[in-house]
Amino acid sequence: MRILFKFTFLFLWLSWLLGNPIVAIIVLVILLYALDRRFVGLSPSLWKPLKRRSRISKLRQQIEATPSDVSSKQELARLLIEAKKTNEAQRVLEPLQNALSDSAEYWDDLGTCYLTAGRAEEGESLILRALGLNPKVKYGAPYLRLAAAHSKRNPEKALSYLREFQDIHSSSCEAYDRLSSIYKDLGRSEDAKRAAEEGLRLYKALPKYRKRSERKWAVRLLLKKT
């Protein structure tokens, strides 16, 4: 209630100051966005997609000039995956299997493309191959990806992947957020609440430099708890 009162007061003050409630709403939205990006991170970045698009364009030009540039192709594929263009990323990655056969990052990227394309078994197999090469590849993120892929059709398997992730990355609020969601899907509401509470306890114990990156997940856990 106190926060609602403060924002109501701020809106009324801006309306008086600017002489237009519509402009006041726009200014308030911009202010909220700036505060979120600075302190929480729930809202998406407006600049990151622009930077990614520019980098993708440069990489395409570089690859056109030097078709044998494997590292540029791998970076391009990762950026395409981030941009949700996994079909295009897959076309870039598949010819690189011999050149990058020992790269855990490569097999995880290709497996992610297959998962997104609906080729679940092939995608999981490739991601497990990546984890076999390096269990800590991408700081354990492949385990979270596999857990998300199984959260609806096989929640128990999703839980096992989350536990694998927690074994190598125990200070992740994101893992507890996913754990709480999966418990909720299973109808285990008490376990879901307990996972959210455990994640919040973890967040409070984190050093300051870690809290910034975990704050978004802590907010989500707080909403789950309440």
Side-chain angles (χ1 to χ4, degrees), residues 40-44 77-78 80-84 86-87 89-90 93 103-207 209-226:
V40 183
L42 285 174
S43 55
R78 287 176 184 166
L80 289 170
I81 291 170
E82 283 183 21
K84 312 297 184 187
T86 50
N87 288 336
Q90 182 180 322
L93 288 169
S103 169
E105 291 84 357
Y106 168 77
W107 293 113
D108 178 58
D109 288 339
L110 186 57
T112 299
C113 292
Y114 285 172
L115 275 182
T116 307
R119 298 163 64 179
E121 289 186 10
E122 291 175 270
E124 183 175 9
S125 175
L126 292 183
I127 292 174
L128 290 174
R129 179 173 179 174
L131 291 166
L133 288 169
N134 180 4
K136 296 184 179 181
V137 62
K138 298 182 182 178
Y139 304 100
Y143 287 116
L144 292 179
R145 203 173 297 115
L146 289 172
H150 285 286
S151 62
K152 299 297 182 184
R153 66 177 184 272
N154 192 341
E156 293 296 340
K157 195 171 187 179
L159 287 173
S160 72
Y161 281 130
L162 280 174
R163 294 188 190 103
E164 295 256 20
F165 174 80
Q166 288 175 313
D167 284 343
I168 64 169
H169 202 335
S170 60
S171 60
S172 169
C173 293
E174 181 182 0
Y176 282 102
D177 177 70
R178 292 184 184 272
L179 188 62
S180 180
S181 295
I182 293 170
Y183 277 140
K184 185 177 179 181
D185 290 340
L186 286 169
R188 295 162 61 176
S189 56
E190 285 303 313
D191 286 331
K193 184 178 179 181
R194 198 175 297 116
E197 290 172 347
E198 184 64 28
L200 288 169
R201 280 195 291 271
L202 167 67
Y203 175 77
K204 290 177 182 177
L206 290 174
Y209 75 91
R210 282 291 313 281
K211 284 186 175 179
R212 172 65 182 89
S213 61
E214 296 290 330
R215 195 168 291 142
K216 172 176 73 173
W217 303 106
V219 171
R220 291 168 61 102
L221 287 167
L222 184 61
L223 293 173
K224 283 182 168 65
K225 178 185 174 184
T226 55

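Side chains included, hydrogens not; waters and symmetry mates left out as well; all remaining heavy atoms used. The first residue of the sequence shown is numbered 1, and numbering continues consecutively from there. Small disclaimer: the values here were computed from a predicted structure and weren't measured.
E198 has a carboxylate O that lies under 4.0 Å from a charged side-chain N of R201, or vice versa, which qualifies the two as a salt bridge. Contact check on D177 versus K216 returns no salt bridge, with no Lys/Arg side-chain nitrogen under 4.0 Å from an Asp/Glu carboxylate oxygen. Looking at R78 and E82, no side-chain N of the basic residue comes within less than 4.0 Å of a carboxylate O on the acidic one, giving no salt bridge.
Under 3.5 Å, the side chains of Y203 and R210 contain no donor-acceptor pair of N or O atoms.
At most 12 non-hydrogen atoms from other residues, nucleotides or ligands lie less than 6.0 angstrom from NZ of K184.
The CG atom of L159 lies 13.0 Å from the CZ atom of R178; values are rounded to the nearest 0.5 Å. The distance from atom CG of L222 to atom CD of E197, rounded to the nearest 0.5 Å, is 11.0 Å. Note that the CD1 atom of I182 and the CZ atom of R188 stand 10.5 Å from one another [nearest 0.5 Å]. T116 OG1 to Q90 CD: the interatomic distance, rounded to the nearest 0.5 Å, is 9.5 Å. Atoms CG and CG, from L115 and L110 in turn, are 10.0 Å apart once rounded to the nearest 0.5 Å. Atom OG of residue S213 and atom CG of residue L206 lie 8.0 Å apart, to the nearest 0.5 angstrom.
In summary, of the residues considered (R119, R153, K157), a salt bridge (charged side-chain N to carboxylate O under 4.0 Å, His left out) with E124 occurs for K157 alone.
Counting heavy atoms from C-beta outward, L144 and L162 have side chains that approach closer than 4.5 Å. Side-chain contact between K224 and Y183 is absent, with no heavy-atom pair separated by less than 4.5 Å. The shortest side-chain heavy-atom distance between L202 and E214 does not fall under the 4.5 Å cut-off.
Here the side chain of Y106 pairs a donor or acceptor atom with the backbone of L93 at under 3.5 angstrom. No side-chain donor-acceptor contact under 3.5 Å links S180 to the backbone of Y176. No side-chain donor-acceptor contact under 3.5 Å links S125 to the backbone of E122.
When all heavy atoms of L131 and L146 are compared, the closest pair comes out as CD1-CD1, 4.3 Å. Between L221 and C173, the shortest heavy-atom contact is CD1-O, 3.8 Å. For P142 against I127, the heavy-atom pair with the smallest separation is CB-CG2, 3.6 Å. In terms of heavy-atom proximity, A89 sits nearest to A77 at CB-O, 3.6 Å. When all heavy atoms of I168 and K136 are compared, the pair lying nearest together is CD1-CA, 4.1 Å. Across A130 and A104, no two heavy atoms sit closer than the pair CB-O, 3.1 Å.
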Might you work through the side chain to side chain contact (heavy atoms under 4.5 Å, CB included) test for L80 and T86, ending with a clear yes or no? CA-CA 6 Å; L80 289 170; T86 50; over 6 Å; no
Carefully, step by step, assess Y143 and R163 under the rule side chain to side chain donor-acceptor pair (under 3.5 Å). CA-CA 9 Å; Y143 287 116; R163 294 188 190 103; over 6 Å; no
